[in-house]
Amino acid sequence: MAKWIMVAVLCLLLGAFLGNSLTRMTARRHQHTRSVMGLAQFHIDRLDAAAQSGDCANFNRQREYLLAVYGELLQAFPLAYAQDTEFHKRADALRDALQPAQAAGTCSTAVADVKKIGDACEDCHREYR
């Protein structure tokens with residue numbers, strides 16, 4: 001009886017070790033994509049805060065940071081951008097939403113711009129989550 005209990009405990013420990021190893025391997029494989037999405041969300045939140053407070057300089061700076069994150073997005077999903085026309089379309093919509101308006105330096109369209117950027121992100125997330 002004790003022999004079977006030891007075998008069962010050993011099997012449980014082995015299963016836990018294998019499950020943990022597979023989980024860590026999967027997380028490591030998608031580490032860049034998750035970090036890009038986390039960084040994008042951070043800058044979108046700061047962009048929204050700058051738009052709400054009317055801080056034009058910070059709003060424009062956060063928009064530039066998001067444009068840099070857009071470049072990282074293309075590096076995080078190179079095959080999707082090259083081969084998937086729907087993803088390509090969504091990524092281009094985000095780039096277009098991130099482009100500054102003609103009257104740069106004014107905050108008159110900041111809140112609308114944040115909504116447009118957020119909508120571009122949500123459209124992609126609806127399709128690919």
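Closest approach of Cys121 to Ile44, counting heavy atoms only: SG-CD1, 3.6 Å.
Listed by chain and number, the residues in a side-chain hydrogen bond (donor to acceptor under 3.5 Å, both in side chains) with Glu86 are Arg90 (sequence neighbours excluded). The side-chain hydrogen bond (donor to acceptor under 3.5 Å, both in side chains) search around Tyr70 returns none, not counting sequence neighbours.
For the atom pair SG (Cys124) and CG (Leu94), the distance works out to 8.0 Å, reported to the nearest 0.5 Å. Atom CZ of Phe87 and atom CG of Leu74 lie 7.0 Å apart (nearest 0.5 Å). Taking CD of Glu64 as the reference point, atom CZ of Arg61 lies at 8.5 Å (rounded to 0.5 Å).
Note on Leu73 and Leu67: same hydrophobic cluster, where clusters join Ile, Leu, Val, Met, Phe, Trp and Tyr whose side-chain heavy atoms are under 4.5 Å apart, directly or indirectly.
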Determine all donor-acceptor pairs shorter than 3.5 Å in which one atom belongs to a side chain in residues 46-57; sequence neighbours excluded.
| unit_1 | atom_1 | unit_2 | atom_2 | d |
| --- | --- | --- | --- | --- |
| Asp48 | OD1 | Gln52 | NE2 | 3.4 |
| Ser53 | OG | Ala49 | O | 3.2 |
| Ser53 | OG | Ala50 | O | 3.3 |
| Asp55 | OD1 | Asn58 | N | 3.4 |

If you look only at distance, which donor and acceptor atoms sit under 3.5 Å apart when one is on a side chain in residues 3-14 and the other is two or more places apart or in another chain?
none

Could you pull out all donor-acceptor pairs under 3.5 Å where a side-chain atom in residues 36-43 meets a protein atom, sequence neighbours excluded?
| unit_1 | atom_1 | unit_2 | atom_2 | d |
| --- | --- | --- | --- | --- |
| Gln41 | NE2 | Asp45 | OD1 | 2.8 |
| His43 | ND1 | Gln62 | OE1 | 2.8 |

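The only member of Asp113, Val69, Leu66 that meets side-chain contact (heavy atoms from CB on, under 4.5 Å) when paired with Leu98 is Leu66.
Listed by first and then second residue, the side chain to side chain donor-acceptor pair (under 3.5 Å) pairs involving residues 71-84 are His32-Glu72, Tyr81-Asp92, Asp84-Tyr128 (not counting sequence neighbours).
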